[in-house]
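Structure first, then comments.
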There are 2 protein chains.
Amino acid sequence: MLEIRHLKTLHALRESDSLVEAAERLHLTQSALSHQFKELEERMGMPLFVRKTKPVRFTSGGLRLLQLADAMLPLMRAAERDITRLVGGTAGRLHMAIECHSCFQWLMPTIDQFRDAWPEVELDLASGFAFAPLPALARGDLDLVVTSDPQEIAGLTYVPLFTYEAMLAVANQHPLASKPFIVPEDLSTEILITYPVERDRLDIFTRFLEPADVEPAHVRTSELTVMMMQLVASGRGVCGMPHWALHEYSSRGYVQAKRLGEKGLFATLYAAVRTDMLDVPYMRDFLLTAKDTSFSTLDGVSAVR
Amino acid sequence: MLEIRHLKTLHALRESDSLVEAAERLHLTQSALSHQFKELEERMGMPLFVRKTKPVRFTSGGLRLLQLADAMLPLMRAAERDITRLVGGTAGRLHMAIECHSCFQWLMPTIDQFRDAWPEVELDLASGFAFAPLPALARGDLDLVVTSDPQEIAGLTYVPLFTYEAMLAVANQHPLASKPFIVPEDLSTEILITYPVERDRLDIFTRFLEPADVEPAHVRTSELTVMMMQLVASGRGVCGMPHWALHEYSSRGYVQAKRLGEKGLFATLYAAVRTDMLDVPYMRDFLLTAKDTSFSTLDGVSAVR
DNA sequence: TGACTCCATGAGTAAACTTGATGATAAACG
DNA sequence: CGTTTATCATCAAGTTTACTCATGGAGTCA
């Protein structure tokens with residue numbers, strides 16, 4: 001019924017002052033526009049503009065359609081631009097979400113490096129995701145999700161980034177420091193320090209304490225890793241942390257890193273992307289950079305991949 | 001390039017699970033959709049959905065276009081509905097603005113009556129207009145403006161509603177009560193009570209005091225006419241008011257209504273509408289009702305029309 | 001009045017769209 | 001494991017649509 005073409009014509013007509021001028025602007029003949037309006041007005045059942053005046057004047061119906069055009073044409077242009085950039089693959093959008101809080105510091109170098117290499121790509125990073133990020137990825141609201149819990153969703157591909165061991169940071173003189181590894185019950189009398197996020201996003205709860213039905217004596221939160229390390233070092237609590245994040249502190253003897261459970265608590269981080277995005281150059285590059293960064297981050301820290 | 005039809009097709013394809021089903025939904029053949037997609041994907045330079053899967057899966061490009069469809073299709077439907085209602089003329093929109101503050105009480109009965117008669121018309125009344133209402137009317141953002149200052153704007157018609165005399169309410173025992181009429185200088189020692197609006201929207205300033213360069217001793221404001229009358233009656237100020245608004249009080253000897261200037265201060269109120277809206281049934285009716293109401297409001301109050 | 005501008009109209013044409021039939025491919029089924 | 005069924009692509013043909021070209025009427029300005 002109503003078509004984009006009509007809106008474009010109306011828009012051009014308002015910008016110019018007559019049908020002829022509007023026709024030129026649209027690279028059409030005046031006759032074409034005349035026909036177009038005739039038919040459109042027939043379909044709408046009302047005139048859309050007054051012809052004899054200069055500049056042209058719109059009727060109420062015409063004005064309403066112009067409102068529509070003003071709303072729709074920019075949307076269209078934006079979408080077409082996005083598609084073009086997507087095809088080109090050197091520009092586009094990369095909206096990320098990360099489920100794992102402690103990955104921030106690991107992801108940041110990757111992002112910085114990427115931003116330099118692909119200045120045309122619009123970067124966005126959301127961490128505190130209210131909604132489930134993987135469906136949002138499938139829906140197209142996101143472009144990449146860093147997760148340790150890959151779910152089988154059609155159209156999504158999971159690219160493994162690296163495997164890390166979650167460990168417990170304790171003060172050097174702490175009683176637990178002498179144990180070969182930590183068991184859940186050890187924490188029932190401890191103060192546990194975590195990032196200020198929901199429990200079900202912290203491996204130490206979901207995969208260590210909760211299966212054993214153990215609750216720490218107290219839980220306190222901190223935004224910054226440095227701050228957490230200070231608290232731990234001064235014996236005011238313990239905290240779970242990826243071994244690579246801990247390495248900087250444990251290798252200097254600032255705190256001790258203890259294994260969680262006899263066999264350790266390992267997790268693999270994946271980058272989830274829509275499968276067809278794997279072909280897009282900037283996406284390939286981001287994934288490669290992310291892997292590289294993770295290797296170098298892990299380098300000399302652990303053999304775990 | 002990109003057209004509504006394409007968005008509708010994509011939308012239908014997401015709702016159904018295959019091309020055939022989408023085709024049915026759109027009352028088209030499967031072949032039609034196949035052709036349509038082939039061409040669209042060619043134009044876009046990328047596939048938009050994965051065919052072999054069930055339900056169909058969209059590529060990133062397809063998802064982006066679906067986002068666009070989700071934004072645009074509702075806008076279109078709303079616009080088309082508005083146009084239909086505009087043509088029918090028994091339903092539609094009537095967004096008003098009034099420039100003259102004291103017209104509220106006069107307009108309200110008209111609006112009430114109108115609402116009963118045309119329940120399908122979406123009424124909206126704005127008084128404190130930040131922007132100029134007449135250009136907004138011409139632009140299509142408003143549908144009716146009550147003004148006493150008609151400006152020649154192409155496409156607008158001014159329907160005179162009635163002429164009224166602005167008068168000054170003073171206490172019975174007030175010194176000014178004995179004068180045959182008021183001159184601007186009389187107010188230089190008086191407390192003037194006004195509605196709490198900008199000065200340039202009050203005739204007593206723009207057409208009486210300011211031309212004579214006279215400032216009242218003090219200006220205080222009040223929201224309610226009743227309250228203003230009480231203040232005036234108890235000798236705590238004077239106030240300018242349309243004679244019809246004053247009549248209720250002056251005819252009972254509560255206050256005195258004095259002429260402003262030897263010849264009186266008259267103003268005509270107009271309803272400004274876009275000319276083509278004069279044909280719309282509900283608009284005709286509103287204007288007639290408004291005139292009627294103004295006649296009956298004036299009835300027995302004054303012969304001024 | 002004549003030149004000019006603007007818009008409407010009719011006819012012709014090329015392109016786009018649709019249709020229905022047919023074929024290829026892949027999944028579902030006995 | 002062959003058969004059935006469903007889905008999508010392709011083809012040829014008919015139809016519609018949207019444009020251009022050519023022409024004419026109406027209004028405007030010297």
Side-chain angles (χ1 to χ4, degrees), chain A residues 1-59 61-62 65-66 69 76 80 152 154-155 275-276, chain B residues 1-59 61-62 65-66 69 76 154-155 275-276:
Chain A
M1 183 140 187
L2 185 59
E3 283 166 43
I4 299 291
R5 179 166 43 98
H6 299 132
L7 298 183
K8 285 188 175 163
T9 306
L10 271 164
H11 183 79
L13 183 57
R14 182 181 54 192
E15 303 310 307
S16 40
D17 290 340
S18 71
L19 270 197
V20 259
E21 201 177 322
E24 280 170 24
R25 191 181 283 245
L26 295 170
H27 307 293
L28 292 175
T29 60
Q30 167 270 321
S31 172
L33 292 203
S34 188
H35 281 293
Q36 198 179 103
F37 269 114
K38 183 184 176 179
E39 201 226 327
L40 183 58
E41 291 181 331
E42 228 158 65
R43 283 198 238 180
M44 292 294 151
M46 65 181 333
L48 296 176
F49 74 103
V50 188
R51 282 106 215 277
K52 2 193 170 193
T53 61
K54 183 167 172 85
V56 291
R57 226 170 49 219
F58 295 92
T59 66
L65 290 188
L66 274 170
M76 289 232 357
E80 282 176 342
E152 186 55 46
T275 308
D276 68 294
Chain B
M1 182 138 188
L2 184 58
E3 283 165 43
I4 298 291
R5 183 164 39 95
H6 299 132
L7 298 183
K8 284 188 176 163
T9 306
L10 271 164
H11 183 80
L13 183 57
R14 182 182 53 191
E15 302 310 306
S16 41
D17 290 340
S18 71
L19 271 197
V20 259
E21 203 178 321
E24 278 170 25
R25 191 181 284 245
L26 294 170
H27 307 293
L28 293 175
T29 60
Q30 167 268 323
S31 170
L33 292 203
S34 189
H35 277 289
Q36 199 179 100
F37 269 115
K38 182 184 176 179
E39 203 227 328
L40 183 59
E41 291 181 330
E42 229 158 63
R43 283 199 239 179
M44 293 293 151
M46 65 182 331
L48 296 175
F49 72 104
V50 187
R51 282 100 214 280
K52 7 193 169 191
T53 61
K54 182 165 172 86
V56 291
R57 226 170 48 219
F58 294 93
T59 67
L65 290 188
L66 273 170
M76 289 230 1
T275 309
D276 68 292

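Naming: A, B, ... by sequence-line order, numbering from 1 per chain.
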- Query: Are the charged groups of A:Arg5 and A:Glu39 less than 4.0 angstrom apart, N to O?
  - Reply: no

- Task: Could you tell me the separation between the CD atom of A:Glu24 and the P atom of C:dC7, rounded to a whole number of Å?
- Result: 11 Å

- Does any N or O in the side chain of A:Arg57 come within less than 3.5 Å of the main-chain N or O of A:Pro55, such that one atom is a donor and the other an acceptor? no

- Message: Is there a side chain to side chain contact (heavy atoms under 4.5 Å, CB included) between A:His11 and A:Lys8? Walk through the geometry before answering.
- Response: CA-CA 5 Å; A:His11 183 79; A:Lys8 285 188 175 163; 5.6 Å; no

- Task: Would you mind reading off the distance between B:Leu13 atom CG and D:dC8 atom C1', rounded to a whole angstrom?
- Result: 12 Å

- Are any of the side-chain nitrogens in A:Lys38 or A:Glu42 under 4.0 Å away from the carboxylate oxygens of its partner? no

- Backbone N/O of A:Gln30 and side chain of A:Ser34: donor-acceptor pair under 3.5 Å: no

- List the protein contact pattern of nucleotides 8-20 of chain C with one symbol per nucleotide (5' to 3'): B for base contact, S for sugar-phosphate-only contact, - for none; contact means a heavy-atom distance under 4.0 Å. BBBB-----SBBB

